Enquirer: 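Dropping a structure here in structure tokens format, bear with me for questions.
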Amino acid sequence: MRQSNYFVPTLREVPSDAEIKSHQLLLRAGYIRQNASGVYSYLPLGFTVLRKIEEVIREEMDRAGAQELLMPAIQPAELWKETGRWELYGPELMRLKDRHAREFALGATHEELITSLVRSEINSYKKMPALLYQIQTKYRDEKRPRFGLLRGREFVMKDAYSFDTCEEGGDAVYKQMVKTYHNIFNRFQLKFTPVVADSGAIGGEDTHEFMAISDVGEDTIAYSTESDYAANVEMAAVTQTYIKSNEELKELRTLDKHDYNPTDESQVITPTFFEVNDKHYMILTRQDHKVNGIKVKNYFEAEDAQAVTAEDIAMRLNIPIDEFNPFQSEIETYADHAVQAVVNGMICFETGDCYEHVNPERDFNITRYADFRMIQEGDPSPDGRGEIRFAKGIEIGQVFKLGTRYSETMEATFLDENGKSKPIIMGCYGIGVSRTLAAVVEQHHDENGIVWPVSLAPFLVHLITINPKNVGQKELSEKLYSIFQDEKLDVLYDDRSERAGVKFSDSDLIGIPIRIIVGNKAKEEIVEVKIRKTGESFDVPINSLIEFIRQQLKQLA
RNA sequence: CGGGAUGUAGCGUAGCUUGGUAGCGCGCGUGCAUGGGGUGCACGAGGUCGCAGGUUCAAAUCCUGUCAUCCCGACCA
């Protein structure tokens, strides 16, 4: 490709809207442009990389025995109503009507679609296991799109769905997909870790998220210093035990708000109210701990747990807020294990009522103690080895065991060997394709621009003529350009009549692994080879150039 | 959805407080020179100042509304 005629609008300055590196660099280097909040165009360079990501995914999925298909982005509302997600998914789901006022959704995901496709076709144990996938544009009307490609409203995703007759079969694909994901992300040269995760609104049982390690990641990973344990912070179980002092219990007393000045946060209790399955609960945690809504949700085996205010509770109980007495209210109370060890502690309620000498056992009617708090750095690792540290991660993939969540609601059943009807065991496996593009840039850049891994680079070599007006340089460049094409070395040829500095800067930004510079040694048939990643450069005679490049590419891979 | 900020040429911005012909840098076009890390000189094109109302003789500037974008939070398969 001749750069003089290639659509790569590079920018010298950082667009003011871009905050994080991947967003800035993809804009500046001419890979993407924004069209609306969270909606982007992929320019030729960006689109090329996107396709390379897709190709790697296809190769690995196909190797795992998956079959590719393509489903529509636009989906009839009825399907979403069948699973209840038309309501459950909320405003995140982009909805529209056709000219006959029929309702549709722009696919945020495709469980409904695939299940409806499969339920009438895969009706016998003989047709399973089956593993289908697609690479499709997805739509989610995020409350707050941000960070360029990392959280968009329109984005490209690979989603795969498995269908099995039994749990064991489902477990086997799950394992295989975990392995496949390792292969894929390794080929992208990403630093990543699979973590234990929560299944969220999609519903299901086991699930792991694949996290690309990055400071701009929106998720926090709790990992062990000693073992390979890693989990989404919200999921990490707290196994910490607490020692209760044998201090004498003092009498519960109200405390003036101004005297509330605790020195030891571990002796202060924080009440949080939750609405779960239409019921209300009070959860007590220690002040120096954070209550974990996901654990609350999972404790009650609910789809959702919402934190609510004391006012909401009072309203619910139909009493004025000032008469609301949390100590002996009708509201069911649970507490984190740590609370059990509080002796003569303090507590303040939203109402402004504060108390000292609180002793949970005595003063509250606690139904049960359980693990309700967020894990913290320094806590023991749940697997008993090492302690917990935090890292930030970008979620680039997730694997789910769906079980029969969709097959039951949508009646996707099959006949087994005994002619008995059973729901299909399903799994789903996603990879955020466009997000992965951004994640790779987050991990592979320096102060001058992007540094692509060979597997994803839009071109392998960047051929630059220092002075196109110099006949010798020009002729040698043209000759090399044609050789590279013959050798199937994807080449971007900067034949523009720009200053050397401009070409170098653009080249650094764009991030092609190997740069070939045709300069003042052209007459001796020597060119300079510069490695983007290491900055090393070599003078190489053209008769050994191809071999040299191949060898360098191999080293980088 | 709560809090904050910003909308002036393709990009980055000044001007707004104190109303009076819209300015700069980069980029873009032409020419000459230059040709190994964003080169120099000259000439030139490009702007309904986000949009709509209002105040005023007069609005980029003041007021009201609205839209858009970004940041923090809540939320998020």
Side-chain angles (χ1 to χ4, degrees), chain A residues 9-20 23-24 27-28 30 33-39 83 85 88-93 107-112 138-148 150-153 155 157-159 161 197-204 207-210 216 218-219 232 234 293-294 303-308 395-400 402 405-406 427-432 435 448-449 464-474 494 496-509 515 517-522 527-528 530 535 537 539:
Chain A
T10 56
L11 301 171
R12 185 183 292 207
E13 290 178 90
V14 182
S16 57
D17 282 348
E19 197 72 12
I20 63 162
H23 192 195
Q24 293 177 350
L27 285 168
R28 286 188 59 207
R33 283 294 182 269
Q34 184 178 123
N35 296 304
S37 180
V39 179
T83 55
R85 290 210 298 179
L88 225 147
Y89 220 96
E92 213 97 322
L93 190 65
T109 166
H110 281 70
E111 282 83 15
E112 281 80 3
K138 302 270 194 267
Y139 297 86
R140 285 182 202 167
D141 197 356
E142 296 285 348
K143 277 179 188 153
R144 189 179 157 210
R146 62 184 115 177
F147 301 146
L150 283 184
R151 180 168 288 282
R153 294 190 295 171
F155 55 96
M157 184 169 160
K158 185 252 15 176
D159 48 322
Y161 305 90
D198 181 63
S199 58
I202 198 167
T207 172
H208 284 81
E209 289 169 345
F210 283 76
V216 301
E218 296 184 86
D219 296 278
N232 192 309
E234 294 167 327
I294 301 285
E303 295 235 337
D304 193 34
Q306 282 292 326
V308 296
E395 184 193 341
I396 48 177
Q398 186 157 19
V399 289
F400 280 104
L402 292 175
R405 160 81 169 81
Y406 292 89
C428 83
Y429 317 90
I431 290 179
R435 181 183 277 187
N448 296 318
I464 294 177
T465 318
I466 292 294
N467 182 0
K469 284 200 184 141
N470 176 304
V471 179
Q473 290 185 25
K474 177 77 178 169
D494 195 344
R496 295 175 303 166
S497 170
E498 292 285 353
R499 305 282 303 195
V502 174
K503 297 188 192 186
F504 290 151
S505 301
D506 278 351
S507 179
D508 286 340
L509 261 181
R515 180 183 306 170
I517 303 155
V518 180
N520 49 25
K521 289 189 182 145
V527 296
E528 182 188 330
K530 189 166 183 185
S537 71
D539 278 351

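In the text below, chain A, chain B and the rest are named by the order of the sequence lines, each starting its count at 1. Predicted model only: the values in this text are computed from it and were never measured.
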Enquirer: The side chain of A:Arg146 is closest to which nucleotide in this list: B:G35, B:C11, B:G73?
Expert: B:G73

Enquirer: Are any of the side-chain heavy atoms of A:His110 and A:Met157 separated by less than 4.5 Å?
Expert: no

Enquirer: In whole angstrom, give the distance that lies between atom CZ of A:Arg33 and atom P of B:G10.
Expert: 13 Å

Enquirer: For A:Glu19 and B:C70, what is the distance between atoms CD and P respectively, to the nearest whole Å?
Expert: 11 Å

Enquirer: Could you check which of B:G73, B:G37, B:G36 has an atom nearest any side-chain atom of A:Ile517?
Expert: B:G36

Enquirer: In whole angstrom, give me the gap between the C1' atoms of B:C49 and B:C16.
Expert: 11 Å

Enquirer: What's A:Gly519 touching, base or sugar-phosphate or nothing? Going by heavy atoms closer than 4.0 Å.
Expert: base

Enquirer: Can you check the distance between B:U30 and B:G36, where both ends of the measurement are the P atom (answer in whole Å)?
Expert: 23 Å

Enquirer: What interatomic distance, in whole Å, is found between P of B:G3 and the corresponding atom of B:A9?
Expert: 29 Å

Enquirer: Any side-chain N or O of A:Arg144 less than 4.0 Å from the OP1 or OP2 oxygen of B:G2?
Expert: no

Enquirer: If you assign each of A:Gln473 and A:Lys138 to its closest nucleotide in RNA chain B, which residue comes earlier from the 5' end?
Expert: A:Gln473

Enquirer: Output the rounded distance in Å from CD1 (A:Ile294) to C1' (B:C75).
Expert: 11 Å

Enquirer: State whether the distance check finds a donor on one side and an acceptor on the other, under 3.5 Å, for side chain A:Lys530 versus base B:G37.
Expert: yes

Enquirer: Can you measure A:Leu150 atom CG to B:C75 atom C1' for me and round it to whole angstrom units?
Expert: 17 Å

Enquirer: Under 4.0 angstrom, heavy atoms only, what part of the nucleic acid is A:Glu528 near: base, sugar-phosphate, or nothing?
Expert: base

Enquirer: Scan every strand shown for a Watson-Crick or G-U wobble partner of B:A33, both distances under 3.5 Å, and answer none if you come up empty.
Expert: B:U39

Enquirer: For A:Lys503 and B:G35, give me the distance from atom NZ to atom P, rounded to whole Å.
Expert: 14 Å

Enquirer: Under 4.0 angstrom, heavy atoms only, what part of the nucleic acid is A:Phe155 near: base, sugar-phosphate, or nothing?
Expert: base

Enquirer: Could you work out the separation of B:U18 and B:A22 based on their P atoms and round it to a whole Å?
Expert: 22 Å

Enquirer: Are A:Glu111 and A:Thr83 close enough, and set up right, to give a side chain to side chain donor-acceptor pair (under 3.5 Å), and what steps lead you there?
Expert: CA-CA 10 Å; A:Glu111 282 83 15; A:Thr83 55; over 6 Å; no

Enquirer: Any strand is fair game: report the nucleotide pairing with B:A5 by Watson-Crick or G-U wobble, both distances under 3.5 Å, or none.
Expert: B:U69

Enquirer: Could you tell me the separation between the CD atom of A:Gln34 and the P atom of B:G7, rounded to a whole number of Å?
Expert: 17 Å

Enquirer: Using the C1' atom as the reference point in each nucleotide, state the distance between B:G31 and B:C67 in Å, no decimals.
Expert: 45 Å

Enquirer: Tell me whether the count of non-hydrogen atoms from other residues, nucleotides or ligands lying under 6.0 Å of NZ in A:Lys474 goes above 12.
Expert: yes

Enquirer: Ignoring backbone atoms, establish whether A:Arg499 has a side-chain N or O less than 4.0 Å from OP1 or OP2 of B:G38.
Expert: no

Enquirer: Going by purine N1 to pyrimidine N3 plus the second Watson-Crick contact, or the G-U wobble pair, all under 3.5 Å, which nucleotide sits opposite B:A60?
Expert: none

Enquirer: Rounded to whole angstrom, note down the P distance from B:G25 over to B:G40.
Expert: 12 Å

Enquirer: Does a distance-only test, which skips hydrogens and angles, find a donor-acceptor pair under 3.5 Å between the side chain of A:Glu498 and the base of B:G35?
Expert: no

Enquirer: Within the structure, does a side-chain N or O atom of A:Ser37 lie under 4.0 Å from either OP1 or OP2 of B:C70?
Expert: yes

Enquirer: Which is true for A:Ala36 with a 4.0 Å heavy-atom rule: it touches a base, it touches only sugar-phosphate, or it touches nothing?
Expert: sugar-phosphate

Enquirer: Which is true for A:Arg496 with a 4.0 Å heavy-atom rule: it touches a base, it touches only sugar-phosphate, or it touches nothing?
Expert: nothing

Enquirer: When you measure from the side chain of A:Lys158 to the backbone N and O of A:Tyr429, does any donor-acceptor pair fall under 3.5 Å?
Expert: yes

Enquirer: Any sub-3.5 Å donor-acceptor pair from A:Arg153's side-chain atoms to A:Val39's backbone N or O?
Expert: no

Enquirer: Quiz question: by atom type and distance under 3.5 Å, do the side chains of A:Glu209 and A:Asn232 form a donor-acceptor pair?
Expert: yes

Enquirer: What's the gap between B:C63 and B:G19 when it is taken at their P atoms, as a whole Å value?
Expert: 12 Å

Enquirer: Could you let me know what B:A14 is paired to, Watson-Crick or G-U wobble, both distances under 3.5 Å, or none if it's on its own?
Expert: none

Enquirer: Nearest to the side chain of A:Pro15, heavy atoms from C-beta on, is which of B:G35, B:C71, B:C11?
Expert: B:C11

Enquirer: Is B:G46 paired to anything, Watson-Crick or G-U wobble with both distances less than 3.5 Å, and if yes, which nucleotide?
Expert: none

Enquirer: Would you mind reading off the distance between A:Leu509 atom CG and B:G37 atom P, rounded to a whole angstrom?
Expert: 17 Å

Enquirer: Check the side chains of A:Asp141 and A:Tyr139 for a donor-acceptor pair under 3.5 angstrom, ignoring hydrogens and angles.
Expert: no

Enquirer: Does B:U55 have a Watson-Crick or wobble mate here (both distances under 3.5 Å), and if so which one?
Expert: none

Enquirer: Describe the nucleic acid contact of A:Asp506 in one word from base, sugar-phosphate, nothing, applying a heavy-atom distance below 4.0 Å.
Expert: base

Enquirer: In whole Å, measure the gap between the P atoms of B:U21 and B:C62 for me.
Expert: 16 Å

Enquirer: Is there a donor on the side chain of A:Asn470 or the base of B:G35 sitting less than 3.5 Å from an acceptor on the other?
Expert: no

Enquirer: Nearest-Å distance, CG (A:Asp141) to P (B:C1)?
Expert: 10 Å

Enquirer: Map A:Ile431 and A:Ser505 onto RNA chain B by nearest heavy atom, then report which one ends up closer to the 5' terminus.
Expert: A:Ser505

Enquirer: State, to 0.1 Å, how close A:Gln473 and A:Asn520 come at their nearest heavy-atom pair, and which atoms those are.
Expert: NE2-N, 3.8 Å

